[in-house]
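Beneath this line is the structure, given in C-alpha cells, with notes to follow.
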Amino acid sequence: MTGKSYDMIIITGPTASGKTGFAALLASRLGAEIISADSRQVYRGMDIGTGKDYEDYIVNGRQIPYHLVDIADPGYRYNVFEYQRDFLEVYNSLKQREVLPVVCGGSGMYIDSIVSGYKLIKVPLNHELRNRLEEKSLDELTAILASYKSLHNKTDVDTRKRAIRAIEIEEYYLHNSGTDHEFPSIKPLVIGIMFDRETRRERISKRLKSRLQSGMIEEVKKLLEGGVTADDLVYYGLEYKYICYYLQGRTSYDEMQRGLETAIHRFAKRQMTWFRGMERRGITIHWLPGEMDNAEKVQEVLLYFR
RNA sequence: GGGGAGAUACCAAAGUGGCCAACUGGGGCAGACUGUAAAUCUGCUGUCGAAUGACUUCGUAGGUUCGAAUCCUGCUCUCCCCA
C-alpha cells in the first residue's frame with residue numbers, strides 16, 4: 001500500500017445492502033480488521049435479528065478479526081458515549097499494531113460520533129441536582145433544559161428521565177470546560193453501498209422472510225426465557241419489538257410480519273436521511289452500486305486508497 | 001329472478017347543496033438528530049407552481065341549481081339478503 005493518507009476505511013449503507021461480506025473481503029485484502037458500527041450487534045444472543053452473519057467474516061477459510069460485536073448482555077442499554085469510548089480503545093490498539101481499521105455498520109450516529117468527533121465527556125451522576133429535579137414535571141424540565149441550550153428537537157425531553165439526564169450533562173458542561181476528553185481527529189475514507197429504493201425494499205422483504213424461516217422467532221423466545229424483559233426487547237426495536245408483541249399475543253403473525261416489514265423499510269429510509277445529512281455537513285461518502293460484485297467493489301476502494 | 005346497501009385521492013375512511021382540493025388514519029416522500037439512534041420528533045402528500053395563484057378530481061353519462069362529492073335520471077360494477 002503506497003501513499004496512504006487515510007487512517008481508516010468506513011463501510012456503511014442502509015440495512016440489507018451487503019456491508020459485512022464486502023467489508024470482510026476488503027479487510028482480507030488489506031490485512032485489516034473490522035470494527036463494527038452497529039448499535040444492536042453489540043448484544044450477545046441477538047444474532048439473527050441484528051443480522052450478525054458470522055460466516056461473512058470468514059474469507060477463503062480465514063477468519064477476519066472483528067470488534068465491538070457481542071460485547072454487552074442483552075437487556076443492557078449500550079449508547080453512543082460507550083461506543084465512542086470502546087471504538088477508540090480498539091482503534092488505538094489496531095494503530096499500535098499497525099493494522100488498518102475497517103469500520104463497518106449502518107448506525108449513522110455511531111459513525112458520525114467517531115468521524116465528527118462528538119465531544120462526549122464522562123458525566124457523573126449529580127445526586128443533588130437529581131433530588132432537586134425529582135418533583136418537576138416534564139414541562140418544567142423542558143423549560144430548565146432550554147435555559148441551558150437551545151432545543152433543536154424533542155429528543156432530550158421525550159421523557160422525564162431523559163430530560164433530567166440532559167440537564168445533568170449541561171450542568172456538568174457548565175463547570176467543566178470539556179477539553180479533558182479530546183477525541184482524536186481521524187481521517188476516514190467513507191464508502192457507502194447504495195441500491196435504488198425499489199431494490200432496497202425488495203432485498204429487505206426477502207431477507208425478512210428468510211430470517212423468519214430460519215429461527216428468528218425462536219431467538220426472541222430464547223431471549224425472553226433467558227430473562228430479558230419484554231420492555232427491553234421493545235426498546236431494541238424492529239424485529240425484537242415486533243416479534244415480542246407477536247409472542248405476547250398482541251398481534252397476529254401476519255400483522256407482525258407486515259408491520260415489521262414496513263418498519264424496516266422506514267428504518268432504511270431514516271438511515272439514508274442520516275447519511276445525506278452527514279454529506280451535507282461536509283463528510284464525503286463514496287457511493288458504490290450495490291449490484292457491483294464484492295471483488296469489483298474492492299478494486300474501486302483500492303483506487304481511492306492509493 | 002326479487003329486495004337492500006354501496007362506489008370518494010396509493011389504501012382505508014369522513015363528508016350528504018356553497019366554509020371541499022376534500023376531516024382522519026395507514027402507506028409513501030422529505031427533514032431533524034452530540035449520552036435510548038433499530039429510538040424519538042417534524043413537515044409534505046391531485047397536477048403545475050415561489051404563490052395568499054391556476055388547472056383537473058369524489059364509478060360513468062346526462063339533468064336540476066347562481067353553485068353539486070353532496071339532489072334527480074340512465075348505465076356499469078361491488079357487496080348482502082330472499083328465491
Side-chain angles (χ1 to χ4, degrees), chain A residues 12 14-16 36-43 46-52 72 74-87 105-126 138 142 145 148-173 178 181 183 196-198 200-201 204-205 207-208 211 216 220 231-244 255 258-281 283:
Chain A
T12 191
T15 188
S36 164
D38 189 305
S39 68
R40 293 297 181 264
Q41 292 192 6
V42 296
Y43 301 110
M46 290 169 55
D47 303 335
I48 302 173
T50 65
K52 273 179 221 162
Y76 185 74
R77 303 205 168 185
Y78 195 74
N79 61 52
V80 202
F81 170 74
E82 295 178 58
Y83 179 75
Q84 206 190 35
R85 179 198 62 200
D86 296 343
F87 165 82
S107 296
M109 191 186 197
Y110 282 16
I111 290 175
D112 206 20
S113 80
I114 57 174
V115 171
S116 304
Y118 286 4
K119 214 167 69 180
L120 303 171
I121 305 168
K122 182 163 187 161
V123 177
L125 293 185
N126 182 339
L138 185 56
T142 304
L145 184 60
Y148 283 95
K149 63 169 185 180
S150 60
L151 307 175
H152 19 281
N153 65 36
K154 292 186 172 172
T155 308
D156 286 332
V157 290
D158 214 33
T159 59
R160 293 186 60 254
K161 202 176 147 197
R162 291 203 59 170
I164 289 174
R165 179 60 176 160
I167 293 169
E168 190 171 54
I169 290 165
E170 290 307 318
E171 176 64 24
Y172 186 84
Y173 277 169
H181 196 84
F183 194 82
D196 66 79
R197 199 173 4 247
E198 273 317 299
R200 191 179 81 207
R201 293 172 66 91
I204 288 171
S205 300
R207 189 185 63 174
L208 172 60
R211 283 182 180 179
M216 185 157 63
V220 177
D231 275 356
D232 287 331
L233 290 175
V234 168
Y235 151 81
Y236 289 138
L238 297 184
E239 5 292 268
Y240 297 98
K241 173 177 166 183
Y242 280 79
I243 293 174
C244 180
E255 288 169 327
R258 260 179 298 132
L260 179 52
E261 189 170 333
T262 300
I264 301 171
H265 289 157
R266 303 178 79 150
F267 166 55
K269 199 161 81 61
R270 261 176 285 128
Q271 286 181 297
M272 289 307 296
T273 299
W274 188 277
F275 299 140
R276 282 186 219 109
M278 281 172 57
E279 290 182 298
R280 218 172 287 125
R281 271 171 270 132
I283 295 162

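Just the heavy atoms: all of them, side chains too, but no hydrogens, waters or symmetry mates, feed the values below. Numbers restart at 1 for each chain; the letters A, B, ... are given by sequence-line order, proteins then strands. Because the structure is a prediction, the values reported are computed rather than measured.
Contact between the side-chain N/O atoms of Ser107(A) and the OP1/OP2 oxygens of A38(B) is found at a separation under 4.0 Å. Taking side-chain N and O atoms only, Arg40(A) has a distance below 4.0 Å to OP1 or OP2 of A37(B). Put simply, Arg197(A) has a side-chain N or O that comes within less than 4.0 Å of OP1 or OP2 on A30(B).
Here A38(B) is the nucleotide among A37(B), G28(B), A38(B) with the atom lying nearest to any side-chain atom of Thr50(A). Of the candidates A37(B), C29(B), A32(B), the closest approach to any side-chain atom of Val80(A) belongs to A37(B). The side chain of Tyr110(A) sits closest to A37(B) out of A30(B), A38(B), A37(B). Taking every side-chain heavy atom of Arg270(A) into account, A39(B) is the closest of A39(B), U34(B), A38(B). Comparing A32(B), G28(B), A39(B) by their closest approach to the side chain of Arg280(A) singles out A32(B). Here A38(B) is the nucleotide among G28(B), A37(B), A38(B) with the atom lying nearest to any side-chain atom of Tyr240(A). Candidate nucleotides A38(B), C33(B), G27(B) were compared by shortest atom distance to the side chain of Thr273(A), and C33(B) ranks first.
Atom CZ in Arg200(A) sits about 7 Å away from atom P in C29(B), given to the nearest Å. When the P atom of A37(B) is taken as reference, atom CE of Met109(A) falls 8 Å away, rounded to whole Å. Between Arg266(A) atom CZ and G43(B) atom P there is a gap of 14 Å when expressed in whole angstrom units. When rounded to the nearest whole Å, the span between CZ of Arg281(A) and C1' of C33(B) equals 8 Å. Distance CD1 (Ile204(A)) to P (G28(B)): 11 Å, rounded to an integer number of Å. Whole-Å rounding puts the Tyr236(A) OH to A37(B) P distance at 10 Å. Between the CG atom of Asp232(A) and the P atom of A39(B) there is a distance of 15 Å, given to the nearest Å. Rounded to an integer number of Å, the gap from CD1 of Ile283(A) to C1' of U34(B) is 12 Å.
Nucleotides C44(B) and C58(B), compared at atom P, are 25 Å apart to the nearest Å. A gap of 23 Å separates the C1' atoms of G43(B) and A38(B), to the nearest Å. A gap of 14 Å separates the C1' atoms of A9(B) and G15(B), to the nearest Å. On the C1' atoms, G26(B) is 26 Å away from C77(B), given to the nearest whole Å. Taking the P atoms as reference points, A21(B) lies 16 Å from U16(B), given to the whole Å. Rounded to a whole angstrom, the distance from the C1' atom of G3(B) to that of U56(B) is 39 Å. With C1' as the reference atom, A13(B) and C81(B) are 25 Å apart, rounded to whole Å. Taking atom C1' on both A61(B) and A68(B), the two are 16 Å apart, rounded to the nearest angstrom.
Nearer to the 5' terminus of RNA chain B, by closest-nucleotide assignment, is the contact made by Thr262(A) (compared with the other of Arg276(A) and Thr262(A)). Remark on RNA chain B: of its neighbouring residues Gln271(A) and Arg201(A), the 5'-side contact belongs to Arg201(A), judged by nearest-heavy-atom nucleotide.
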Inset, instruction - For the pair Tyr242(A) and Glu261(A), evaluate side chain to side chain donor-acceptor pair (under 3.5 Å) and give the outcome as yes or no after the intermediate values. - result: CA-CA 10 Å; Tyr242(A) 280 79; Glu261(A) 189 170 333; over 6 Å; no
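Among the heavy atoms of the strands lying under 4.0 Å from Lys269(A) is at least one base atom, whether or not backbone atoms are also near. Note on Glu239(A): a base of the nucleic acid sits closer than 4.0 angstrom, heavy atoms only. Asp38(A) comes within contact range of at least one nucleobase, with a heavy-atom separation under 4.0 Å. Residue contacts for Tyr78(A): at a heavy-atom cut-off of 4.0 Å it reaches the sugar-phosphate backbone alone, with no base atom in range. Within 4.0 Å (heavy atoms only), Gly49(A) reaches at least one base atom of the nucleic acid.
Under 4.0 Å is where a charged nitrogen must lie from a carboxylate oxygen, and between Glu168(A) and Arg165(A) at least one such pair does.
Cation-pi geometry between Arg40(A) and Tyr236(A) is not met at under 6.0 angstrom from the ring centre and within 45 degrees of the axis. Taking the ring centre of Trp274(A) as origin, the terminal cationic atom of Arg281(A) falls inside the region bounded by 6.0 Å and 45° from the ring axis.
Pairing partner, C71(B): G63(B), with both Watson-Crick or wobble hydrogen-bond distances short of 3.5 Å. Pairing for A32(B) is with U40(B), a Watson-Crick or G-U wobble pair whose two hydrogen-bonding atom distances lie under 3.5 Å. Checking A7(B) for Watson-Crick or G-U wobble geometry (two distances, each under 3.5 Å) identifies U76(B) as its partner. Across all strands shown, C82(B) is found opposite G1(B) as a Watson-Crick or G-U wobble partner, with both distances under 3.5 Å.
By the 4.5 Å heavy-atom criterion applied to side chains, Thr12(A) and Gln271(A) are not counted as neighbours.
Without hydrogens or angle criteria, Tyr43(A) side chain to Tyr78(A) main chain gives a donor-acceptor distance under 3.5 Å.
Taken from CE in Met109(A) to CD1 in Ile111(A), the straight-line distance is 12.5 Å, to the nearest 0.5 Å.
Ring pair Tyr110(A)/Tyr83(A) is parallel by interplanar angle, where below 30° counts as parallel and above 60° as perpendicular.
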